[in-house]
**Student:** 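To start, I am sharing the structure in question, which I have written as structure tokens.
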Amino acid sequence: MSNFVRSLRLWFAPERVREEGDTPDYRFSLANERTFLAWLRTALALIGGGFAVDQFLPDLRWGWRIGLALALLGAGVLCSLRAVSHWVRCERAMRRGEDLPAGRFPTVLSLVVAGVALAMVVVVLFGWEG
């Protein structure tokens with residue numbers, strides 16, 4: 001079974017994470033959970049922003065409105081999936097005494113949000129009609 005499938009199975013059976021390694025200090029596990037919740041709050045904000053762009057900017061050209069909304073909604077979906085993936089990976093690393101996993105997702109998410117923000121700057125500067 002591939003590493004990805006094994007990790008994916010842990011998403012739905014987190015008690016199996018406890019079978020690995022030693023139990024870390026509970027403060028680290030709780031910090032990991034707070035980080036998970038922060039990722040979920042970010043995902044909800046991105047999803048809310050996507051709906052807001054679609055619903056509250058009806059005068060914006062269709063392509064711009066749909067593009068910006070889908071970029072935010074997609075980033076929200078990816079962020080919520082990344083939250084659980086990161087939680088499992090960090091919990092496993094702490095139990096095994098390994099370094100915490102590094103990832104590129106925060107950079108990708110930042111670039112998507114910055115891209116949407118720049119597009120919104122263009123929309124504001126040049127008006128709703130483009």
Side-chain angles (χ1 to χ4, degrees):
M1 183 177 337
S2 75
N3 235 359
F4 174 74
V5 173
R6 232 173 295 155
S7 290
L8 191 62
R9 289 177 68 185
L10 290 175
W11 290 14
F12 301 100
E15 66 277 357
R16 295 188 69 196
V17 171
R18 293 185 180 138
E19 296 171 1
E20 296 187 38
D22 300 320
T23 302
D25 186 331
Y26 72 92
R27 292 173 292 182
F28 299 127
S29 289
L30 291 174
N32 191 27
E33 187 174 329
R34 285 190 302 273
T35 302
F36 167 77
L37 294 172
W39 279 103
L40 286 184
R41 284 190 301 273
T42 301
L44 287 171
L46 289 165
I47 291 167
F51 279 117
V53 166
D54 184 51
Q55 294 298 308
F56 298 119
L57 299 176
D59 296 334
L60 191 60
R61 278 191 182 170
W62 184 84
W64 275 96
R65 191 180 81 231
I66 296 301
L68 292 172
L70 288 177
L72 289 169
L73 290 168
V77 168
L78 291 175
C79 193
S80 64
L81 294 174
R82 170 65 172 161
V84 70
S85 170
H86 187 72
W87 177 82
V88 167
R89 291 172 58 215
C90 286
E91 197 65 30
R92 289 175 77 192
M94 286 188 298
R95 292 182 153 281
R96 294 175 177 174
E98 299 171 354
D99 289 339
L100 293 179
R104 292 184 183 96
F105 186 77
T107 303
V108 172
L109 181 63
S110 296
L111 291 174
V112 168
V113 171
V116 170
L118 286 174
M120 291 303 293
V121 166
V122 169
V123 167
V124 168
L125 288 177
F126 297 105
W128 298 124
E129 300 301 321

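Note that the structure is a prediction, hence the values are computed from the model and not measured.
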**Student:** Pair Val77, Leu73 - check side chain to side chain contact (heavy atoms under 4.5 Å, CB included), show working.
**Tutor:** CA-CA 6 Å; Val77 168; Leu73 290 168; 5.7 Å; no
**Student:** Same cluster or not: Val113 versus Leu57, using hydrophobic residues (I, L, V, M, F, W, Y) connected whenever any side-chain heavy atoms lie under 4.5 Å apart?
**Tutor:** yes
**Student:** May I ask you to test the Glu91-Pro24 pair for a side-chain heavy-atom distance under 4.5 Å?
**Tutor:**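 Glu91 reaches Pro24 side chain to side chain.
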**Student:** Under the side chain to side chain donor-acceptor pair (under 3.5 Å) rule, collect the residues that match up with Asp99, sequence neighbours excluded.
**Tutor:**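 By the side chain to side chain donor-acceptor pair (under 3.5 Å) rule, Asp99 matches no residue at all.
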**Student:** Could you list the residues that satisfy side chain to side chain donor-acceptor pair (under 3.5 Å) with Arg27, not counting sequence neighbours?
**Tutor:**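 Arg27 satisfies side chain to side chain donor-acceptor pair (under 3.5 Å) with Asp25 once adjacent residues are dropped.
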**Student:** In this structure, which one of Leu40, Val108, Leu109, Leu44 forms a side chain to side chain contact (heavy atoms under 4.5 Å, CB included) with Cys79?
**Tutor:**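 Output: one option passes, namely Leu109.
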**Student:** Shortest non-hydrogen contact from Trp64 to Ala119?
**Tutor:** CZ3-CB, 3.5 Å
**Student:** Could you see if Leu46 belongs to whatever hydrophobic cluster contains Val121? Use Ile, Leu, Val, Met, Phe, Trp, Tyr and a side-chain cutoff under 4.5 Å.
**Tutor:**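 Shared cluster, yes.
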**Student:** Considering non-hydrogen atoms only, spot the tightest contact between Arg89 and Pro101 and give its length.
**Tutor:**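 Residues Arg89 and Pro101, closest heavy atoms: NH2-CB, 3.0 Å.
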**Student:** Return the set of residues passing side chain to side chain donor-acceptor pair (under 3.5 Å) with Ser85 (not counting sequence neighbours), or none when no residue passes.
**Tutor:**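 Checked Ser85 against side chain to side chain donor-acceptor pair (under 3.5 Å); zero matches.
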**Student:** Are Leu70 and Val116 connected in the hydrophobic side-chain network, where two residues link if heavy atoms are under 4.5 Å apart?
**Tutor:**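 No, no single cluster joins them.
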**Student:** Could I get the full list of side chain to side chain donor-acceptor pair (under 3.5 Å) partners for Glu98, not counting sequence neighbours?
**Tutor:**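 By the side chain to side chain donor-acceptor pair (under 3.5 Å) rule, Glu98 matches no residue at all.
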**Student:** Identify the heavy atoms of Arg82 and Pro106 that sit nearest to each other, and give their distance.
**Tutor:** NH2-CD, 4.5 Å
**Student:** Under a single-linkage definition using a 4.5 Å side-chain heavy-atom cutoff for Ile, Leu, Val, Met, Phe, Trp and Tyr, are Val53 and Leu78 assigned to the same hydrophobic cluster?
**Tutor:**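 Val53 and Leu78: one cluster.
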**Student:** Do Leu68 and Val122 share a hydrophobic cluster, counting only Ile, Leu, Val, Met, Phe, Trp and Tyr and linking them when any side-chain heavy atoms are less than 4.5 Å apart?
**Tutor:** yes
**Student:** Less than 4.5 Å apart, any side-chain heavy atom of Arg18 and any of Thr23?
**Tutor:** no
**Student:** Salt bridge or not between Glu20 and Arg95? Use side-chain N to carboxylate O under 4.0 Å.
**Tutor:** no
**Student:** Under a 4.5 Å cut-off applied to non-hydrogen side-chain atoms, are Phe28 and Leu100 in contact?
**Tutor:**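 When only atoms from C-beta onward are counted, Leu100 and Phe28 do not touch, as no gap falls below 4.5 Å.
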**Student:** Do Trp87 and Thr35 pass the side chain to side chain contact (heavy atoms under 4.5 Å, CB included) test, and can you show the C-alpha distance, the side-chain angles, and the key distance before you say yes or no?
**Tutor:** CA-CA 8 Å; Trp87 177 82; Thr35 302; over 6 Å; no
**Student:** Got a sec, which pairs hit ring pair (Phe, Tyr, Trp, His ring centres under 6.0 Å) with one end in residues 91-119, sequence neighbours left out?
**Tutor:** Trp39-Phe105
**Student:** Applying salt bridge (charged side-chain N to carboxylate O under 4.0 Å, His left out) as the test, list every pair that has at least one member in residues 38-54; sequence neighbours left out.
**Tutor:**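 Applying salt bridge (charged side-chain N to carboxylate O under 4.0 Å, His left out) to every pair that reaches into residues 38-54, excluding sequence neighbours, yields Asp54-Arg65.
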**Student:** Restricting to non-hydrogen atoms, name the atom on Asn32 and the atom on Cys90 that form the minimum distance, rounded to 0.1 Å.
**Tutor:** OD1-CB, 3.4 Å
**Student:** Apply the test side chain to side chain contact (heavy atoms under 4.5 Å, CB included) to residues Arg61 and Val123: give CA-CA distance (whole Å), side-chain angles for both, the deciding distance (0.1 Å), then the verdict.
**Tutor:** CA-CA 10 Å; Arg61 278 191 182 170; Val123 167; over 6 Å; no
